[in-house]
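Structure, as structure tokens:
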Amino acid sequence: MTTPVNDPRAKTPVWEARADLVVIGSGVAGLTAALRAQALGLHVLVITKAAVADGNTRWAQGGVAVVMENEHDLDDSVARHAEDTFTAGAGLCDEAAVRSILDGGPAAVARLRADGAQFDAAASGLLARAREGGHSAFRVIHAGGDATGAEVERALVAQAGQTGVPVLEHHIAVDALRTPGGRVAGVTVLDHHGVPGVVRAPAVLVASGGLGQLYQATSNPEIATGDGIALALRAGATVADIEFVQFHPTVLYTPGARGRCPLVTEAVRGEGATLVDGAGLPVMRGVHPLGDLAPRDVVSAAITRRMLTAPGGIDDHVFLDATGIEGFAQRFPTVFGACAALGLDPAVDPIPVTPAAHFSCGGIVTTVAGRSSVAGLYAAGEVARTGLHGANRLASNSLLEGLVVGQRVAEAVAADLAAGLLADPARGRLPSWTTAPAAERDSLQRVMSRYAAIGRDADGLAAAGSVLDLSLSDTPLWTHAAVEDAALTVVAQAMLAAAVRRTESRGCHVRTDFPDRDDAWRRSQLIRLSPSGQPVLADPIPLEGVA
């Protein structure tokens, strides 16, 4: 149902629609949830601020980490996959969440293949499997060599089109509607012209992806601006582990690059490539037992330390020597194409690489079924903190999580609706369409890249906070850019608050003034908004049974 209003400049929405479930985001988690919810008989509407296939999922190169029945190394198992996940998560994974999500992997992959996804096959006819950083076995299935995300997104978008899932493209979600009792009952949106609308629904799923645009260089697309976390915070939800931002160790280096940079999947290292510095010396020798296949935080930190010494006069990148990999162009066509665009041939030229912001490890606190602390508000994918990742993501667990939790959250919504636990959308109150504090984006990205990236200390974090405070201005939320800038600002404030308080180094969070891990900090920090709209630290989340 749509209700037009004559004046598009009015502060009230100019149109209104209704659904059982609104899905914000069209990546792997969002579309998986939408397809399952529709199959369960729910009226679904997907909202995405770009084109339906333009999210972060399509850029995922490596694959899906999963232990498939009768298609795994002889000594591999879900339990071993869990142990690798615990190791990468540096003591902050939730054991029950890890086992639950990994256990759901084979069935989730089977459903995806039934929906048309085509994974690469080995000569045996079974699925081809690769090994990536942090994994102790070959368990990463892939598609198109290094184009797994693109194939997953293609299959989901095609299935959504075939089944008629309605998608509202080029619309950005701004705020949740809430009832007087605090339940979520819909969401306000802006189209690309800034025309406001509202979708009333008893359930809102935030599946909007990550926050890589906090930094100058990232593997994330331009739309990864943390909008979903900001919306959830304003709706009363809590976030956790926000200080842990994973930097992928091998993003293709381009002098002066800003925004999204091409990824060089760590599966290249899984096939035998090695990292060397500007003087030709191995970067990872003696650093970690897994060498070049150590967890991402370890490799990124090692590269950063090596660059500080400027070996061979090079202080802003190292090299990935993949010249020994036969058939590189066929195995890694995406990487090969990115290199060729720079005039490089990986068969003969070392690939210049550098760490760049990749994945957020924290986000909106949810169960493994996607339920948040606010009735009617759900989250899945990179925007959510299920407890799977802890202080550092294990390679290729991300697509797996989106597939598993995406399915479960749809079933949770259907169950909550049937049980009468959700709000009557008619009782949802429109938020005040006013202003929010926003920093100038270029200044924010520069200060976060300098002071809140891989290496942090108290002085730098304080400087970052001061710069943000000085650049804040109240900004009307009437354009996509304004909503994004306000989101980046509140997420940056939350991250700085958590990073200042965590006086240790763990996983992706590296404090140069507190270089050691301190198990007094073996806990997650909870953040919510104060009544004045500022991110504040709450009591930590107790981690029962962490591995």
Side-chain angles (χ1 to χ4, degrees), residues 89-92 210-216 226 229-230 232-234 237-247 297 300-301 304 355 357 359-365 385 389-392 436-441 443-472 486-543:
L92 292 192
L211 42 78
Q213 292 297 319
L214 279 175
Y215 298 93
Q216 290 175 299
I229 290 177
L233 282 169
R234 291 194 292 264
T238 53
V239 303
D241 296 336
I242 199 70
E243 66 268 40
F244 299 107
V245 177
Q246 184 183 80
F247 278 66
D297 62 306
S300 291
T304 301
F359 272 128
S360 171
C361 299
I364 305 163
V365 177
R385 183 269 189 196
H389 306 296
N392 185 40
E440 194 274 324
R441 190 180 302 198
S443 175
L444 181 148
Q445 290 176 331
R446 283 190 289 106
V447 76
M448 293 298 288
S449 297
R450 180 172 180 180
Y451 297 119
I454 296 175
R456 306 165 175 176
D457 61 30
D459 291 342
L461 293 170
S466 296
V467 171
L468 284 185
D469 289 343
L470 291 172
S471 64
L472 291 181
L488 286 170
T489 299
V490 74
V491 172
Q493 291 172 326
M495 184 184 298
L496 291 173
V500 165
R501 189 179 183 188
R502 183 175 287 278
T503 51
E504 66 155 356
S505 291
R506 181 183 298 269
C508 301
H509 173 70
V510 178
R511 286 284 299 263
T512 57
D513 49 351
F514 292 95
D516 298 323
R517 184 184 299 187
D518 180 356
D519 278 344
W521 277 103
R522 196 181 178 193
R523 62 184 190 271
S524 292
Q525 297 184 92
L526 200 64
I527 292 180
R528 58 172 178 259
L529 289 192
S530 69
S532 64
Q534 293 294 312
V536 294
L537 287 154
D539 291 332
I541 299 173
L543 291 174

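Numbers here simply count residues along the sequence, with the first being 1.
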Next item on the list: Provide the closest heavy-atom pair for Leu529 versus Pro535 in the form atom of the first, atom of the second, distance.
Entry: CD2-N, 3.7 Å
Check: Does Cys361 offer a backbone N or O that forms a donor-acceptor pair with the side chain of Asp241 under 3.5 Å?
Finding: no
Notebook entry, point to check: Can you name the residues that form a salt bridge (charged side-chain N to carboxylate O under 4.0 Å, His left out) with Glu504, not counting sequence neighbours?
Noted result: Arg502, Arg506
Margin query: Give me the atom names and distance for the closest heavy-atom approach of Ser300 to Pro355.
Written below: O-CG, 4.0 Å
Notebook entry, point to check: Are Phe247 and Phe359 close enough that their ring centres sit under 6.0 Å apart?
Noted result: no
Checklist line | side chain to side chain donor-acceptor pair (under 3.5 Å): pairs with one or both residues in residues 445-459, sequence neighbours excluded | finding: Arg258-Gln445, Asp442-Arg446, Arg456-His509
Margin query: So Val245 and Leu211, do their side chains get closer than 4.5 Å, heavy atoms only?
Written below: yes
Item checked: side-chain contact (heavy atoms from CB on, under 4.5 Å) evaluation trace for Val500 with Glu243 -> CA-CA 9 Å; Val500 165; Glu243 66 268 40; over 6 Å; no
Check: Which distance, rounded to the nearest 0.5 Å, do you find between the CG of Asp518 and the OG of Ser505?
Finding: 10.5 Å
Margin query: If you count every heavy atom of other residues, nucleotides or ligands that lies below 6.0 Å from Arg528 atom CZ, does the total exceed 12?
Written below: no
Next item on the list: For Ala492 and Leu468, work out which heavy atoms get closest and say how close.
Entry: CB-CD1, 3.8 Å
Margin query: Between Arg385 and Ser360, do the side chains contain a donor N or O and an acceptor N or O under 3.5 Å apart?
Written below: no
Checklist line | CZ on Arg523 to CH2 on Trp521, rounded to 0.5 Å | finding: 4.5 Å
Item checked: Nearest heavy atoms of Tyr215 and Ala357, plus distance in Å -> CD1-CB, 3.5 Å
Notebook entry, point to check: Taking atom CG of Leu537 and atom CD of Gln525, what is their separation to the nearest 0.5 Å?
Noted result: 5.5 Å
Next item on the list: In sequence, state the C-alpha distance, the side-chain angles, and the governing distance for Gln534 and Val490, and then conclude on side-chain contact (heavy atoms from CB on, under 4.5 Å).
Entry: CA-CA 8 Å; Gln534 293 294 312; Val490 74; over 6 Å; no
Notebook entry, point to check: How many angstroms lie between CD in Gln493 and CG in Leu444, if you round to the nearest 0.5 Å?
Noted result: 9.0 Å
Next item on the list: Answer yes or no: is there a donor N or O on one side and an acceptor on the other, between the side chain of Thr489 and the main chain of Ala439, under 3.5 Å?
Entry: yes
Notebook entry, point to check: Can you find a pair of side-chain heavy atoms, one from Ile242 and one from Ile229, that are under 4.5 Å apart?
Noted result: yes
Check: What distance do Ile364 atom CD1 and Ile527 atom CD1 have between them, rounded to the nearest 0.5 Å?
Finding: 13.0 Å
Next item on the list: Working to the nearest 0.5 Å, report the span between CG of Leu488 and CD of Glu440.
Entry: 11.0 Å
Next item on the list: Check Pro515 against Thr512 and note the closest heavy-atom contact, atom names and distance.
Entry: CD-O, 3.9 Å
Next item on the list: List the steps and the verdict of side-chain contact (heavy atoms from CB on, under 4.5 Å) for His389 and Gln246.
Entry: CA-CA 10 Å; His389 306 296; Gln246 184 183 80; over 6 Å; no
Next item on the list: Taking all heavy atoms of Ser530 and all of Val536, pick out the closest pair and write down the distance.
Entry: CB-CG1, 3.8 Å
Next item on the list: May I have the step-by-step check of side-chain contact (heavy atoms from CB on, under 4.5 Å) for Arg517 and Asp519, ending in yes or no?
Entry: CA-CA 6 Å; Arg517 184 184 299 187; Asp519 278 344; 3.9 Å; yes
